[in-house]
Amino acid sequence: MKIKLSPAAGYRGYQRIGENITKGIPDMHEAIDCYREITPGMYGALGRVIEGVNQWPHDPPYIKALMEEYISFCTDLSRKIVRGIALALGGSADEFEGERAGDAFWVLRVIGYPGVSNTNGQNAPENDIGCGAHTDYGLVTLVNQDDGITALQVRNQSGEWISAPPIPGTFVCNIGDMLKIWSNGIYDSTLHRVINSSPKYRVCVAYFYEPNFRCCSGASRCL
Ligand SMILES: O=C(O)CCC(=O)C(=O)O
Ligand SMILES: [Fe+2]
């Protein structure tokens, strides 16, 4: 495996099925993990473990340029969403810019969830959880789901799990823990999980928009 995720690559690259763990349980997905690229020394000792460049497959040859364009699109869109939220909270549009998220860190995961085979599909086993229940920790996440496979579930305010089926041409936008803190709890971070009970392999591209790498965070006093 040429692009295996490793500490030497700043934890970027390919992760096998079961290597990602959510709350102690291996997730049934594989992924390519990418982070905003960090040059040596950029964030001192704190940033050292994550220094490195992203590892893309060599085939197809255009994937690097395509994904970099996609990431830049998601960064612009997320910034606009967060500006809108700042306004909705009664702050100024750039409340969350500058030292907070003016130079946002980001993570992108290209995730693949195997479909269920006939044998293990019969008694929906616990280890078929594609991704265990969690909230995302950043500001907002743009989830680009595979059209035609409903697998993402969100827990609503009554405590029920409801499906978030893919709507072609749209993203699901999750609120993350940092935005919950910055909005003093007005925007709650959404508990969600993934169960692919279809026989088809599901692909999802999740883009996580986060505060600046060096941001020290706390609740907002001004909102
Ligand atoms: O696959 C999905 O729809 C969501 C993935 C997810 O929640 C995550 O990677 O944090
Ligand atoms: Fe998530």
Closest heavy-atom pair and its distance - Pro166, Gly148
CG-N, 3.7 Å

When you check the gap from the basic side-chain N to the acidic O, do Arg83 and Glu95 get nearer than 4.0 Å?
no

Consider only side-chain heavy atoms of I, L, V, M, F, W and Y, link residues closer than 4.5 Å, and tell whether Val205 and Val172 are in one cluster.
no

Path from Trp106 to Phe73 over hydrophobic side-chain contacts below 4.5 Å
yes

Would you kindly confirm whether Val140 and Val107 end up in one hydrophobic cluster when ILVMFWY residues are joined by side chain heavy atoms under 4.5 Å apart?
no

Do Phe105 and Phe208 have side-chain heavy atoms sitting under 4.5 Å apart?
no

Would you find a donor on one side and an acceptor on the other, under 3.5 Å apart, between the side chain of Asp27 and the backbone of Gly132?
yes

Check against side chain to side chain donor-acceptor pair (under 3.5 Å), Gln55 and Arg12
CA-CA 6 Å; Gln55 304 199 78; Arg12 295 165 173 80; over 6 Å; no

Test Tyr137 against Met178 for side chain to side chain contact (heavy atoms under 4.5 Å, CB included), laying out the working first.
CA-CA 6 Å; Tyr137 56 80; Met178 285 309 311; 5.8 Å; no

Glu69 side chain to Leu66 backbone, donor-acceptor under 3.5 Å:
no

Consider only side-chain heavy atoms of I, L, V, M, F, W and Y, link residues closer than 4.5 Å, and tell whether Phe213 and Val82 are in one cluster.
no

Nearest-0.5 Å distance, NZ of residue Lys23 to CD1 of residue Ile129
11.5 Å

Between Asn174, Asp177, Thr141, which is the residue that forms a side-chain hydrogen bond (donor to acceptor under 3.5 Å, both in side chains) with Thr135?
Asp177

Would you sort out whether Leu152 and Arg202 count as a side chain to side chain contact (heavy atoms under 4.5 Å, CB included), showing the intermediate values?
CA-CA 11 Å; Leu152 176 61; Arg202 172 180 184 265; 4.1 Å; yes

Quick check: is Ile175 connected to Val143 through a chain of hydrophobic side chains (ILVMFWY, heavy atoms under 4.5 Å apart)?
no

Within the structure provided, determine whether Pro40 and Glu51 are in side-chain contact (heavy-atom separation under 4.5 Å).
yes

Charged N to carboxylate O below 4.0 Å: is that the case for Asp188 and Lys180?
yes

Go through the steps to decide whether Thr75 and Tyr207 satisfy the test side chain to side chain donor-acceptor pair (under 3.5 Å), and finish with yes or no.
CA-CA 8 Å; Thr75 306; Tyr207 170 91; 2.7 Å; yes

Is the shortest heavy-atom distance from the side chain of Arg214 to the side chain of Tyr43 under 4.5 Å?
yes

May I have the step-by-step check of side chain to side chain contact (heavy atoms under 4.5 Å, CB included) for Tyr209 and Leu77, ending in yes or no?
CA-CA 10 Å; Tyr209 184 75; Leu77 178 58; over 6 Å; no

Any chance you could measure Leu139, atom CG, to Ser189, atom OG, to the nearest 0.5 Å?
11.5 Å

Please report whether the ring centroid of Phe96 lies less than 6.0 Å from that of Trp182.
yes

Looking at every heavy atom in both Ile21 and Pro26, which two are closest together, and how far apart are they?
CD1-CA, 4.0 Å

When clusters are formed from ILVMFWY side-chain contacts under 4.5 Å, directly or step by step, what else is grouped with Trp161?
Leu191

Do Pro7 and Val49 touch side chain to side chain, with heavy atoms closer than 4.5 Å?
no

So does Glu99 have more than 12 non-hydrogen atoms from other groups sitting under 6.0 Å from CD?
no

Donor + acceptor pair across side chains of Glu30, Tyr14 (<3.5 Å):
yes

Point-to-point distance, once rounded to the nearest 0.5 Å, from OG1 of Thr190 to NE2 of His134:
10.0 Å

Checking the side chain of Thr39 only, and the main-chain atoms of Met42 only, is there a donor and an acceptor separated by less than 3.5 Å?
no

Which atom pair, heavy atoms only, marks the closest approach of Ala86 to Ser92?
CB-O, 3.4 Å

Between Asn156 and Gly159 (side chain of the first, backbone of the second, donor and acceptor by atom type, cut-off under 3.5 Å), is there such a pair?
yes

Using 0.5 Å steps for rounding, measure from the CZ atom of Arg155 to the CD atom of Glu160.
10.5 Å

Taking all heavy atoms of Val110 and all of Leu108, pick out the closest pair and write down the distance.
CG2-CD2, 4.0 Å

Can you tell if the side chain of His192 reaches within under 4.5 Å of the side chain of Gln153, non-hydrogen atoms only?
no

Whether Asp136 side chain and Gly138 backbone form a donor-acceptor pair below 3.5 Å:
no

Taking all heavy atoms of His29 and all of Gly130, pick out the closest pair and write down the distance.
ND1-O, 2.8 Å

Once rounded to the nearest 0.5 Å, what's the spacing between atom CG of Leu89 and atom OG of Ser183?
5.5 Å

Side-chain heavy-atom pair Pro57, Ile32 within 4.5 angstrom cut-off:
yes

Taking all atoms of both residues into account, what is the closest heavy-atom pair of Tyr113 and Asn196, and its distance?
O-ND2, 3.2 Å

In Å and rounded to the nearest 0.5 Å, what is the OG to CD distance from Ser78 to Glu210?
10.5 Å

Could you tell me whether Arg109 and Asp33 have a side-chain N and a carboxylate O separated by less than 4.0 Å?
yes

With a 4.5 Å cut-off on side-chain heavy atoms, are Ile17 and Pro114 touching?
yes

Run the side chain to side chain contact (heavy atoms under 4.5 Å, CB included) test on Glu37 and Asn54 for me, step by step, so that the C-alpha distance in whole Å, both residues' side-chain angles and the decisive distance to 0.1 Å come before the verdict.
CA-CA 7 Å; Glu37 296 190 343; Asn54 289 315; 3.5 Å; yes

Salt-bridged, Arg36 to Asp103, with N to O below 4.0 Å?
yes

